[in-house]
Amino acid sequence: MEVVTHIDESDFVEAVEGRNSLEFGDEKQQARFELGVSMMVYKWDALDIAVANQWGGPESEEKRDWITGVIVDLFKNEKVVDVQLIEETLVYAMFDEFETNVEDDSALHIAAGIISVYRECANEDYSTVERLFLNWNENKDKKQPRKIVVTGDSSDEEDEGEEGSDEDMDMCDHDHDHAHKHEPEETSEIPEPVVDEDGFELVQKKGKKRY
């Protein structure tokens, strides 16, 4: 799969004539495609950070797998799926399940990658899926959870005054600290957006602003 520098949000795939959905009739093709979707979702840095910090609560990992299922269902139920539809589905799922606003183009890149994987599977080319799975399988045990602390709204802190400052810190990270299964060895406190290895920013705020 080629690295995409410019992404056409209107790029789409369409069901072949005579079929009512984009689901593959061949079991191997469908299985490889679903694996490819899963690997692309796991590749999404913004979601990886949200899961590591359990912003979706103690079932954060299960919610990530649920998001994979939602994307797969788009192809099972629709005759046409485009990049923008996948991107919006990813962004809304992040907001609804992890209370996270994704304010960069990272979801767009994941969406474009999923469309590309679908096309390759349609041509019985599974090289990208196999590469993604191999990379994930090799790195899953080496990867360290990226635990971060997100400070609360500054205006709220000013209203509450100094007496509430300690409580604010205890309640940071979206009130999900109490649900953590595994506490990381180190916790880094950052005052600005998280920037992943590809240069994408993840900004975590309260509110209902969607993109």
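For the single chain, residues carry numbers from 1 onward in sequence order. Below, each value reflects all heavy atoms present in this structure, side chains not excepted, and no hydrogens, waters or symmetry copies.
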Side chains of Ser106 and Trp44: donor-acceptor distance under 3.5 Å anywhere? yes
Locate the shortest heavy-atom distance separating [X] from [Y]; write the atom from each residue and the value.
X	Y	answer
Glu14	Val80	CG-CG2, 3.7 Å
Ala112	Ile7	CB-CG2, 3.8 Å
Ser10	Asp82	O-CB, 4.1 Å
Val117	Gly36	CG1-CA, 4.1 Å
Met94	Ala50	CE-CB, 4.2 Å

Side chain to side chain, [X] and [Y], heavy atoms closer than 4.5 Å:
X	Y	answer
Ser116	Thr128	no
Glu124	Gln29	yes
Tyr92	Val70	no
Ile86	Thr89	no
Phe24	Arg32	no
Gln30	Val72	yes
Glu88	Gln84	yes
Phe75	Ser21	no

[X] side, atom [atom1]; [Y] side, atom [atom2] - distance, nearest 0.5 Å:
X	Y	atom1	atom2	result
Leu47	Thr68	CG	OG1	8.0 Å
Asp48	Ser60	CG	OG	11.5 Å
Phe33	Glu23	CZ	CD	10.0 Å
Met40	Ile71	CE	CD1	11.0 Å
Arg19	Glu17	CZ	CD	12.5 Å
Glu103	Asn101	CD	CG	5.5 Å

Quick one: do [X] and [Y] end up in the same hydrophobic cluster if we chain Ile, Leu, Val, Met, Phe, Trp and Tyr together by side-chain heavy atoms under 4.5 Å apart?
X	Y	result
Val37	Leu134	no
Leu132	Leu90	yes
Phe133	Tyr42	yes
Tyr126	Met39	no
Trp66	Ile114	yes

Using ring centroids (six-membered ring only for Trp), state whether Tyr118 and Phe12 fall under 6.0 Å. no
Pair Arg119 + Asp125: basic N to acidic O under 4.0 Å: no
Show the numbers, then the answer: is there a side chain to side chain contact (heavy atoms under 4.5 Å, CB included) between Asn53 and Phe98? CA-CA 10 Å; Asn53 288 273; Phe98 293 92; over 6 Å; no
Taking Leu108's backbone N and O only, do any of them form a donor-acceptor pair with Asp105's side chain (distance below 3.5 Å, no angle check)? no
Answer yes or no: is there a donor N or O on one side and an acceptor on the other, between the side chain of Asp73 and the main chain of Lys76, under 3.5 Å? no
Going through the checks in order, is the side chain to side chain contact (heavy atoms under 4.5 Å, CB included) test met by Lys63 and Val51? CA-CA 9 Å; Lys63 287 182 177 182; Val51 171; over 6 Å; no
